[in-house]
There are 2 protein chains.
Amino acid sequence: MTMLPHQITLANDLATAGHRLTAARRRVADLIGARDGHFTAAELLADARARRLKIGRASVFRTLDLLTELNVLERVDLPTGEHAYVACRPAHHHHVICRVCGQVAEVDDAGLDDVAAEMERRTGFEIDTHRLELYGRCPACRTERAR
Amino acid sequence: MTMLPHQITLANDLATAGHRLTAARRRVADLIGARDGHFTAAELLADARARRLKIGRASVFRTLDLLTELNVLERVDLPTGEHAYVACRPAHHHHVICRVCGQVAEVDDAGLDDVAAEMERRTGFEIDTHRLELYGRCPACRTERAR
DNA sequence: GTTTTTGCAAACCATTTGCAGGGTC
DNA sequence: GACCCTGCAAATGGTTTGCAAAAAC
């Protein structure tokens with residue numbers, strides 16, 4: 001449930017997982033670190049262009065995939081249908097997403113397992129995974145004028 | 001938590017919501033009714049072609065959007081990243097999706113609200129929506145050989 | 001008759017892939 | 001030096017759009 005800078009971690013994770021620490025990857029990691037909240041591949045690409053960084057479209061996608069595999073990035077589907085990514089620690093589970101500013105907070109299961117168990121009981125399904133995404137307004141955006 | 005035939009409903013809903021009940025829409029509704037579990041736009045299109053029904057690609061997408069707006073269809077994002085649709089009642093509920101056969105069961109909140117409330121408390125966010133998708137194996141696929 | 005829908009094809013957008021050159025270990 | 005990674009541009013796959021003809025009300 002915290003929002004930490006991840007850029008250092010990102011680069012590290014790449015290196016330690018037996019992947020080469022290249023300029024392109026470092027740039028993508030920086031761009032991600034410079035953002036907070038969720039972001040799409042397109043936004044990252046735009047950021048890169050804005051900063052006049054030379055990164056190929058494909059490399060951005062490839063790096064995003066790689067980081068997702070390493071579990072330092074997670075892909076979420078926004079209610080709009082867009083695919084976004086959020087940086088997060090490799091254990092954690094669910095995301096609360098601010099629909100005003102895009103800020104993301106992480107929360108642990110907080111009893112969700114029990115709910116899943118209950119649903120398992122009711123449906124007869126054997127449930128092995130679940131995805132929960134919550135949307136609302138972050139503390140900052142809440143106070144900012146009733147709106 | 002049931003799986004009912006929806007085709008009749010689908011057509012009805014269209015008509016009563018001030019939309020024209022056209023051949024194309026009726027065909028899409030039939031195709032949806034003939035499926036159980038989730039399906040993608042592409043699958044529906046394939047079904048139509050298989051049955052030699054004349055429906056334009058665009059009409060399928062347009063009808064799908066329309067039905068989604070009417071809340072008789074819901075769009076879910078499979079873990080694979082695919083977009084699928086499931087027919088369902090226009091109330092708040094969640095889906096349990098069988099990863100073997102694609103069968104979908106509906107469940108109501110079963111205590112999720114409390115979990116959400118807890119997460120609200122912990123993060124300071126004001127949560128107004130959530131999406132939960134559960135994946136596993138349905139009763140039928142469970143019994144079908146340990147696998 | 002007016003307004004909504006359709007089907008088609010082209011347009012679009014996001015993501016992927018093949019490949020030759022360049023960088024990293 | 002070997003292998004991994006990059007950038008590019010072209011290919012792809014899914015979804016949308018513009019428009020004139022056709023259907024619904």
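We name chains A, B, ... by the order of the sequence lines, and we start the count at 1 in each one. Just so it is clear, the model here is predicted, and its values are computed rather than measured.
- Two residues are said to be in side-chain contact when any heavy atoms from C-beta on lie closer than 4.5 Å; A:Leu64 and A:Ile32 meet this criterion.
- Residue B:Arg27 contributes atom CZ, which lies 16 Å from atom P of C:dT5 at whole-angstrom precision.
- Nearest approach of A:Asp108 to A:His94, heavy atoms of both residues: O-CD2, 4.4 Å.
- The CG atom of A:Leu53 sits 15 Å away from the C1' atom of D:dT6 (whole-angstrom rounding).
- For the pair B:Arg25 CZ and D:dA24 P, the computed distance is 11 Å after rounding to whole Å.
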Would you tabulate the nitrogen or oxygen pairs shorter than 3.5 Å linking the protein to nucleotides 16-23 of chain C?
unit_1	atom_1	unit_2	atom_2	d
C:dG23	N2	A:Arg20	NH1	2.7

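- In this structure, A:His83 does not reach the C:dA14 phosphate: none of its side-chain N or O atoms is under 4.0 Å from OP1 or OP2.
- Shortest non-hydrogen contact noted between A:Phe125 and B:Pro139 is CD1-CD, 3.7 Å.
- Spacing between atom NZ of A:Lys54 and atom C1' of D:dT6 amounts to 8 Å, rounded to whole angstrom units.
- Looking at A:Arg142, its side chain does come within 3.5 Å of a backbone N or O of B:Gly124 through a donor-acceptor pair.
- At its two ends the helix from C:dG1-D:dC25 to C:dC25-D:dG1 runs along axes set 40° apart, each axis drawn from five pairs and the angle rounded to 10°.
- Heavy atoms of B:Ala42 sit nowhere under 4.0 angstrom from any nucleic acid atom.
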Side chain to side chain donor-acceptor pair (under 3.5 Å), that's the test. Do B:His93 and B:Asp109 meet it? Break it down for me.
CA-CA 6 Å; B:His93 60 262; B:Asp109 261 357; over 6 Å; no

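- How far CD1 of A:Ile97 is from NE2 of A:His38: 5.5 Å, rounded to the nearest 0.5 Å.
- With rounding to whole Å, B:Glu43 atom CD is found 11 Å from D:dT15 atom P.
- Here the side chain of A:Gln103 pairs no donor or acceptor atom with the backbone of A:Cys98 at under 3.5 angstrom.
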